[in-house]
Amino acid sequence: MKLDILVFAVHPDDAELGCSGTILKHIAEGKKVGIIDFTRGELGTRGTAETRDQEAAESAKILGLHARENLRFRDGFFVNDEKHQLEIIKMIRKYQPELVLTNALQDRHPDHGRGGDLANDACFYSGLSKVETIIEGKKQQAWRPSLILQYIQDHYIKPDIIIDITPYIEKKIACIQAFKTQFYNPDQEEGPETYISSPEFFDSVVGRAREMGKSIGTTYAEGFTSRKLLGVNSLFDLK
């Protein structure tokens with residue numbers, strides 16, 4: 001299946017927190033979108049890899065994703081090397097996305113920046129025909145996305161582009177809440193309190209969307225950064 005947008009996320013729930021509003025918006029516009037999770041989030045203090053699998057599947061239903069896969073890299077200890085790059089290249093060539101969204105290039109969690117660099121490097125090498133990959137017994141063709149953007153996560157980073165997600169904020173919240181073991185949930189059995197399990201953290205996610213929205217004159221939005229300059233055909237495409 002060819003996808004329009006392929007989202008890379010180090011941990012299940014990274015994409016939900018960082019860019020689920022944008023995912024929902026483009027699916028509503030008829031685009032095909034998928035998520036590739038690098039790890040199962042097995043180092044998370046609350047829940048297990050198995051509960052994360054279930055929560056990611058539930059979130060995928062809410063989002064209406066066309067595909068979601070997990071590469072099962074080692075949480076916390078994956079590296080940006082040939083072995084890991086080749087696994088990502090297989091996914092890029094399998095789905096042939098026009099646009100890729102990745103983790104922030106620097107953030108509170110060290111996995112995020114490393115994952116963002118890993119995805120960016122893999123996108124480049126995926127376009128080289130002499131980098132050979134085989135999936136399901138067939139040699140894959142080279143493919144490079146036309147655009148790579150990074151979603152903004154815990155640390156505030158000045159965005160290069162902002163997307164209005166106002167009509168989709170409720171579904172964004174719902175897909176985040178699908179990760180019941182990770183975030184504030186008064187109905188969940190008590191577990192160790194973590195940085196992301198407090199109600200204040202969840203409020204900050206909504207607050208960030210409001211902050212981004214305010215900057216473009218709308219209610220809620222998500223921001224992205226780009227390593228390359230972005231162009232438009234007309235000044236009237238800007239607002």
Side-chain angles (χ1 to χ4, degrees), residues 4-27 29 31 33 35-38 63 80 88 97-124 144-173 175-176 182-183 195-196 198-239:
D4 298 295
I5 301 174
L6 187 58
V7 183
F8 289 118
V10 170
H11 308 109
D13 75 24
D14 282 355
E16 282 79 359
L17 288 166
C19 63
S20 55
T22 300
I23 292 171
L24 288 160
K25 181 170 190 169
H26 285 84
I27 289 176
E29 293 173 354
K31 301 298 185 183
V33 184
I35 295 176
I36 305 296
D37 297 308
F38 289 175
L63 288 166
N80 185 358
I88 298 169
E98 299 299 324
L99 193 153
V100 160
L101 305 179
T102 79
N103 288 87
L105 296 178
Q106 61 86 16
D107 202 42
R108 174 180 177 271
H109 197 309
D111 281 3
H112 294 168
R114 189 166 66 256
D117 285 332
L118 173 57
N120 270 269
D121 291 351
C123 284
F124 180 84
R144 183 177 295 146
S146 59
L147 179 63
I148 306 166
L149 298 175
Q150 289 74 227
Y151 44 90
I152 296 168
Q153 299 186 258
D154 188 75
H155 287 178
Y156 176 81
I157 302 172
K158 184 179 179 180
D160 295 310
I161 187 169
I162 297 175
I163 307 295
D164 179 11
I165 64 161
T166 302
Y168 307 99
I169 189 65
E170 290 184 4
K171 270 199 171 183
K172 175 183 174 78
I173 293 170
C175 73
I176 295 171
Q182 300 304 305
F183 302 106
Y195 174 71
I196 66 172
S198 70
E200 291 76 18
F201 176 81
F202 196 83
D203 290 344
S204 74
V205 174
V206 178
R208 171 66 59 76
R210 282 188 175 275
E211 178 184 28
M212 292 291 181
K214 180 182 178 182
S215 65
I216 60 168
T218 189
T219 308
Y220 298 102
E222 291 172 341
F224 300 84
T225 63
S226 174
R227 278 181 160 173
K228 74 173 187 178
L229 293 175
L230 301 173
V232 294
N233 291 323
S234 168
L235 292 176
F236 292 94
D237 291 336
L238 299 169
K239 63 177 181 177

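What you are looking at is a predicted structure, and each value in this text was computed from that prediction instead of being measured.
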Checklist line | Leu6 vs Pro145 side-chain heavy atoms within contact, under 4.5 Å | finding: no

Note to self: With heavy-atom distances below 4.5 Å as the criterion, would you say the side chains of Leu105 and Asn120 are in contact?
What the structure shows: yes

Next item on the list: State, to 0.1 Å, how close Gly21 and Ile165 come at their nearest heavy-atom pair, and which atoms those are.
Entry: C-CG2, 3.5 Å

Notebook entry, point to check: Do Ile5 and Glu98 come within less than 4.5 Å of each other through their side chains, counting heavy atoms only?
Noted result: no

Margin query: Could you tell me if the side chain of Tyr220 sits less than 4.5 Å from the side chain of Arg210, heavy atoms only?
Written below: yes

Checklist line | Residue pair Ile162 / Ser215: nearest heavy atoms and the distance that separates them | finding: CD1-OG, 3.2 Å

Next item on the list: Output yes when a side-chain donor or acceptor of Gln153 lies under 3.5 Å from a complementary backbone atom of Ala104, and no otherwise.
Entry: yes

Next item on the list: With rounding to the nearest 0.5 Å, note down the distance linking CG in Asp13 to CG in Asp37.
Entry: 8.5 Å

Check: So how far is it from Met212 CE to Ile152 CD1, rounded to the nearest 0.5 Å?
Finding: 3.5 Å

Next item on the list: Show the numbers, then the answer: is there a side-chain contact (heavy atoms from CB on, under 4.5 Å) between Val206 and Ile173?
Entry: CA-CA 8 Å; Val206 178; Ile173 293 170; 4.3 Å; yes

Margin query: How close do Gly116 and Thr102 get, counting heavy atoms only, and between which atoms?
Written below: CA-OG1, 4.1 Å

Note to self: Under the rule for side-chain contact (heavy atoms from CB on, under 4.5 Å), what residues qualify as partners of Glu170, not counting sequence neighbours?
What the structure shows: none

Margin query: Could you measure the distance from the CD1 atom of Ile35 to the CD atom of Glu16? Nearest 0.5 Å is fine.
Written below: 5.0 Å

Checklist line | Criterion side-chain contact (heavy atoms from CB on, under 4.5 Å) on Tyr168 and Ile23, from CA distance to verdict | finding: CA-CA 9 Å; Tyr168 307 99; Ile23 292 171; over 6 Å; no

Notebook entry, point to check: Should Ile36 and Ile88 be marked as a side-chain contact (heavy atoms from CB on, under 4.5 Å) after you check the CA-CA gap, both sets of side-chain angles, and the distance that decides it?
Noted result: CA-CA 9 Å; Ile36 305 296; Ile88 298 169; over 6 Å; no

Item checked: Pairwise salt bridge (Lys or Arg N to Asp or Glu O under 4.0 Å) hits with a residue in residues 146-163, at least two apart -> none

Notebook entry, point to check: What closest approach, in Å, do Val7 and Cys19 show between heavy atoms, and which atom pair accounts for it?
Noted result: CG1-SG, 3.9 Å

Item checked: Enclosure of Leu238 CG (heavy-atom neighbours >12, cutoff 6.0 Å) -> yes

Item checked: From Ile161 atom CD1 to Ile163 atom CD1, the distance as rounded to the nearest 0.5 Å -> 4.5 Å

Check: Relative to the ring of Phe38, is the ring of Phe8 parallel (under 30°), tilted (30 to 60°) or perpendicular (over 60°)?
Finding: tilted

Notebook entry, point to check: Does the side chain of Val205 come within less than 4.5 Å of Phe183's, by heavy atoms?
Noted result: no

Margin query: Tell me the closest heavy-atom pair linking Ile169 and Ala209, and the distance in Å.
Written below: CD1-CB, 4.2 Å

Checklist line | Tyr195 six-ring centre to Arg108 NZ/CZ under 6.0 Å and within 45° of normal | finding: yes

Notebook entry, point to check: Would you call Glu211-Arg208 a salt bridge at under 4.0 Å N-O?
Noted result: yes

Item checked: Under 3.5 Å: donor-acceptor pair, side chain of Lys25, backbone of Asp164 -> yes

Note to self: Are the side chains of Val33 and Asp4 in contact, using a 4.5 Å heavy-atom criterion?
What the structure shows: no

Checklist line | Main-chain N/O of His155 paired with Asp107 side-chain donor or acceptor, under 3.5 Å | finding: yes

Next item on the list: Would you please test Lys171 and Ser20 for side-chain contact (heavy atoms from CB on, under 4.5 Å) and show each step?
Entry: CA-CA 8 Å; Lys171 270 199 171 183; Ser20 55; over 6 Å; no

Check: Going by heavy atoms in the side chains, are Arg114 and Val10 under 4.5 Å from each other?
Finding: no

Note to self: Between Asp111 and His11, is there a side-chain donor-acceptor contact under 3.5 Å, judged purely by atom types and distance?
What the structure shows: yes

Next item on the list: For residues Tyr151 and Asp14, determine if any side-chain heavy atom of one lies less than 4.5 Å from a side-chain heavy atom of the other.
Entry: yes

Report, one line per pair, each donor and acceptor closer than 3.5 Å where one atom sits in a side chain of residues 223-232; sequence neighbours left out.
from	atom 1	to	atom 2	distance (Å)
Thr225	OG1	Gln150	NE2	3.2
Ser226	OG	Lys228	N	3.2
Ser226	OG	Lys228	O	2.7
Arg227	NH2	Asp117	OD1	2.7
Lys228	NZ	Ser146	O	3.1

Next item on the list: Taking all heavy atoms of Val100 and all of Pro97, pick out the closest pair and write down the distance.
Entry: CG2-CG, 3.8 Å

